[in-house]
Structure formats: C-alpha cells, structure tokens
Number of protein chains: 2
Amino acid sequence: MDVRTLCLAVLSKGEATGYEIKKAFEEGPFAHFQRASFGSIYPALSRLLAEGLVEAHAMEQDGRPDKKMYRLTAQGQATFHAALTVDPEPDQFRSDLLFLLFFACHLPPARAATLLDAATASYRGHVARVSGIKAEREAVSNATGQPLDPGREFVAGFGITLYQAAADYLDANRDALLADLQGHAEAAE
Amino acid sequence: MDVRTLCLAVLSKGEATGYEIKKAFEEGPFAHFQRASFGSIYPALSRLLAEGLVEAHAMEQDGRPDKKMYRLTAQGQATFHAALTVDPEPDQFRSDLLFLLFFACHLPPARAATLLDAATASYRGHVARVSGIKAEREAVSNATGQPLDPGREFVAGFGITLYQAAADYLDANRDALLADLQGHAEAAE
DNA sequence: TCGATACGTATCGATGCGATATATGATGGA
DNA sequence: TCCATCATATATCGCATCGATACGTATCGA
C-alpha cells in the first residue's frame with residue numbers, strides 16, 4: 001500500500017494532522033501491519049491536498065506553531081474506496097533477528113541468548129499492547145452497547161495470534177538452540 | 001539488513017551469480033524473512049567488487065551470455081562477520097490483506113471471502129514449501145550422518161510456525177467474520 | 001538546570017523496489 | 001507447427017520510501 005492510500009485510510013476514521021497519522025502507524029490500529037515515515041507522509045499529504053482528495057485548515061495553538069488538520073473530501077472518500085478494490089500484494093515478513101540466528105554458528109552463544117531474549121520480550125510486549133487495546137474496546141462496547149467493528153477486531157486478533165506464536169516459538173526452542181551451539185563449538189575444537 | 005550484507009551472506013555459503021543470489025531470496029533459505037531485487041543486487045555486487053569484498057570471474061556458456069561468478073574475498077568474509085555483530089532492527093510484518101480486512105465493512109462479503117481464502121492458501125503453500133525443504137535436509141542428514149546446521153533449522157522452524165499460525169487463524173475466524181459482515185450489512189439496511 | 005520526551009512541520013540523501021530492456025533456449029499447449 | 005511463456009542471465013531507470021536531521025516550544029523529572 002502506498003503512503004497516499006494509507007493517509008486516506010487514517011483520515012477515513014476522522015480528521016488528523018500529519019503527526020497524528022504517523023502515530024497511527026506507531027501505536028494505532030495499523031501499527032502491526034503497515035507503517036510510514038514523516039519523510040513520506042508530509043509529501044503525500046501535500047499531494048493529496050493539491051489533488052483535492054483532502055482539505056486542510058490551520059489550527060492555532062498557544063505557544064506552539066500552528067498545526068494543520070487534514071480531512072477527507074468526497075473525492076478522497078471515493079478514491080479511498082476505489083483503492084480497496086485493488087488486489088493486495090502478498091504479505092511479507094522481514095526479520096534481521098532470523099538473519100543473525102541463521103548464522104548462529106558464527107555468533108558467541110551468549111550473544112545468541114541475548115538476541116533471543118530481547119526478541120521474545122519485544123514480541124510479548126506487542127501482544128500485551130494489542131491485547132490491552134482490544135480488551136479496552138470490548139469493555140467500552142459492553143458498557144455502551146455499541147457494536148464492535150468486525151474488521152478491526154479480526155485484524156487485531158491476527159496480530160495478537162502471530163506475535164504470540166512468535167514469542168512462544170522463541171521461548172520453546174531457545175534452550176535447544178543454545179545447547180546445539182554449545183555442542184557445535186565443542187565439536188569444532 | 002542492507003542488500004550488500006545480504007549478498008555477502010549468500011556468498012558466505014558458496015560462490016554464486018547475481019541471478020542465483022536473487023533466487024536465494026525467492027526460494028532459498030532466506031526466502032521467508034529477507035528479500036532483494038535485481039535493481040539492488042547488481043549495483044551492490046558492483047560496489048562490493050570495487051571495494052574488494054568479492055571477486056568475480058566470467059564463466060562462458062554455450063548459447064547463453066556469460067555469467068559472472070562471485071566469490072567472497074578474505075576481506076569480504078571479515079566484513080560479513082563484522083556485520084553479524086550489529087544489533088538487529090526490530091522485526092516487521094507488512095500486510096495489505098489486513099489493511100483491506102480492517103475495512104471489511106466497506107467490502108462486499110464475497111470479496112472478503114475470496115481474499116481470506118486466497119491468503120489462507122498462500123500461507124499453507126509457504127508452510128508446505130519450507131517444511132518440505134526442511135524434511136529433505138533432515139533425510140539427507142539421517143542418511144549421511146552429517147549434522148544439521150542449528151541456526152538454519154531454527155530459522156526454518158520459526159517460519160513454519162508463523163505461517164502455520166497465520167493460516168490457522170484465518171481458517172478459524174473466517175466464518176465468524178463473514179457472518180459479522182452479513183449482520184452488519186443487514187443492520188445498515 | 002539540564003537532558004529527555006512530546007508536540008509539530010518539513011526536507012534531504014541514500015536505499016531499494018518494480019518495471020523494463022536485451023538475449024537465447026526449452027517447454028508446452030492450441 | 002507455431003507462438004507464448006518460462007528459465008537463465010545481466011543491467012539500468014524512475015519513483016517511492018526510510019532514516020536522519022533541522023527547527024522550534026513546552027513539560028516533566030532527575
């Protein structure tokens with residue numbers, strides 16, 4: 001998904017500034033499967049504005065410089081819906097950790113252990129974060145009676161499941177890998 | 001990981017052409033967690049050659065144009081090992097599928113079903129491919145008695161586990177999501 | 001008081017992807 | 001038989017995007 005479409009997507013959920021759009025990819029509902037940097041968001045918003053897909057109004061703040069609130073136009077709404085009909089690119093996973101562990105034999109076992117533990121903690125953190133937000137939405141829904149968004153919950157559940165599976169695998173296979181590395185090192189002596 | 005390091009990594013497993021390096025990211029042992037395109041591999045190899053980290057010799061072929069075999073130099077070997085000491089970037093997952101499904105309410109339910117089924121099949125295919133290659137290595141190891149590489153097997157196992165978890169989640173939650181969408185559509189009438 | 005963090009917009013250089021060009025042989029379906 | 005497609009193989013171009021950086025204020029904790 002190109003960043004222009006991602007911006008339209010965030011704005012379809014309500015008006016936002018460039019800064020807030022960035023946060024939507026860091027902590028928001030898209031965090032675990034899409035991302036975008038300032039270096040692509042701001043140019044994207046400028047172009048969307050020039051094309052009439054969004055409109056902006058400056059909001060003055062005391063002390064701080066003005067912020068620009070962006071909002072979808074009807075044309076932007078239509079463009080966004082059209083983008084949803086395009087076939088998706090295949091999912092992709094990228095991991096420098098696995099790259100390093102692939103060459104675990106060239107790594108000091110202590111470093112392998114550190115890398116594994118850090119990654120496990122990181123995955124568990126993601127699980128906790130996404131689970132927390134999901135639980136909060138469910139609590140609000142129960143209290144107010146307003147229904148949950150099925151797509152949103154499905155996607156959050158996918159993230160939780162995947163992160164959990166990753167953490168569990170690292171945990172379950174950590175000791176065996178480290179033992180193998182030990183054996184490998186001794187065999188090389 | 002930058003593409004130059006990825007090229008060094010592939011070459012550390014034996015000499016290869018640019019084309020073969022590309023294949024290593026499409027079908028080879030790195031396929032499910034790193035990738036690189038021709039547009040980055042060939043410039044990377046040129047630069048590695050200029051820096052003396054790899055050496056190349058042309059191999060003439062009947063009919064086809066010459067191919068250039070690249071091989072690590074001692075300096076390239078050292079540079080590669082140094083790269084393994086750098087701390088890894090956080091793992092990242094990117095999914096256009098989840099992006100579309102996040103907005104499932106704006107999708108015709110039939111399309112949501114098609115997307116889900118295609119993604120499930122794709123994940124199952126990945127599981128089968130990586131499992132098959134892993135099983136083959138294990139068979140060879142059993143027959144010849146030569147030990148398996150612990151890093152390689154760990155990484156393959158991670159890929160299988162994650163892809164399996166993804167396929168299972170999609171499978172398990174498919175019908176509930178589609179039912180919710182149906183309910184949602186009727187409630188909107 | 002001083003550094004870190006949050007808010008907020010913006011740009012620049014480098015990296016890397018995807019499409020395309022150029023060749024040729026093999027394979028396979030209409 | 002013929003034509004399309006795929007596999008082998010190298011290479012480049014344009015565009016999208018990332019990460020770092022710049023600029024500026026406010027707040028909060030050590």
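Note: hydrogens, waters and symmetry copies are ignored here, and every other heavy atom, side chains too, is used. Just so we're on the same page: letters track the sequence lines, and every chain starts at 1.
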- Using Watson-Crick or G-U wobble geometry with both distances below 3.5 Å, tell me the partner of C:dC2, or none.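 D:dG29 is the nucleotide pairing with C:dC2.
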- Contact class for A:Lys23 vs. all strands (heavy atom < 4.0 Å): base, sugar-phosphate, or nothing?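 If one applies the 4.0 Å heavy-atom cut-off, A:Lys23 turns out to touch the sugar-phosphate alone, with no base involved.
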- Task: Compare side-chain N and O positions of A:Tyr19 against OP1 and OP2 of C:dT9 and report whether any pair is under 4.0 Å apart.
- Result: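 No, no such contact exists.
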- Residue-phosphate contact under 4.0 Å: A:Thr17 side-chain N/O, C:dC7 OP1/OP2: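 So the side chain of A:Thr17 is outside the cut-off, no N or O lying under 4.0 Å from OP1 or OP2 of C:dC7.
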- Message: In this structure, how many angstroms lie between the C1' atom of D:dA9 and the CD1 atom of B:Ile21, rounded?
- Response: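 In whole Å, D:dA9 C1' and B:Ile21 CD1 are 13 Å from each other.
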- Message: Tell me the interatomic distance from A:Gln34, atom CD, to D:dT17, atom P, rounded to whole angstroms.
- Response: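 Going from A:Gln34 (CD) to D:dT17 (P), I get 10 Å.
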- Query: Should the heavy atoms of other residues, nucleotides or ligands under 6.0 Å from CD of B:Glu26 be counted, would the total exceed 12?
  - Reply: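 Check passes, neighbour count above 12.
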- Query: Side-chain contact, heavy-atom cut-off 4.5 Å: A:Arg47 with A:Leu53?
  - Reply: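 Contact flag for A:Arg47/A:Leu53 side chains = no.
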- Message: Looking at A:Arg137 and A:Asp149, is there a salt bridge between them, counting it only when a charged N and a carboxylate O are closer than 4.0 Å?
- Response: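 Looking at A:Asp149 and A:Arg137, the cut-off is not met.
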- Message: Just to be sure I understand the geometry, which residues of residues 37-54 of chain A put a non-hydrogen atom under 4.0 Å away from DNA chain D?
- Response: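 The stretch gives A:Ser37, A:Gly39, A:Ser40, A:Arg47 as the residues lying under 4.0 Å from the strand, ordered by number.
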Looking at [options], which one has an atom nearest to any side-chain atom of [X]?
X	options	answer
A:Arg35	D:dC18, C:dT9, D:dA9	D:dC18
B:Val3	C:dA10, D:dT17, C:dC17	C:dC17
B:Arg94	C:dC17, D:dT8, D:dC18	D:dC18

- Item | is_close_aromatic(B:Tyr163, B:Tyr123), centroid dist under 6.0 Å |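 Close enough - the centres of the two rings lie under 6.0 Å apart.
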- Item | Pair A:Phe158 + A:Phe33: ring centers closer than 6.0 Å |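 That pair fails the under 6.0 Å test.
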- Task: Could you tell me whether the side chains of B:His32 and B:Arg129 share a donor-acceptor contact shorter than 3.5 Å?
- Result: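 There is no such pair (donor and acceptor under 3.5 Å, judged by atom type) between the side chains of B:His32 and B:Arg129.
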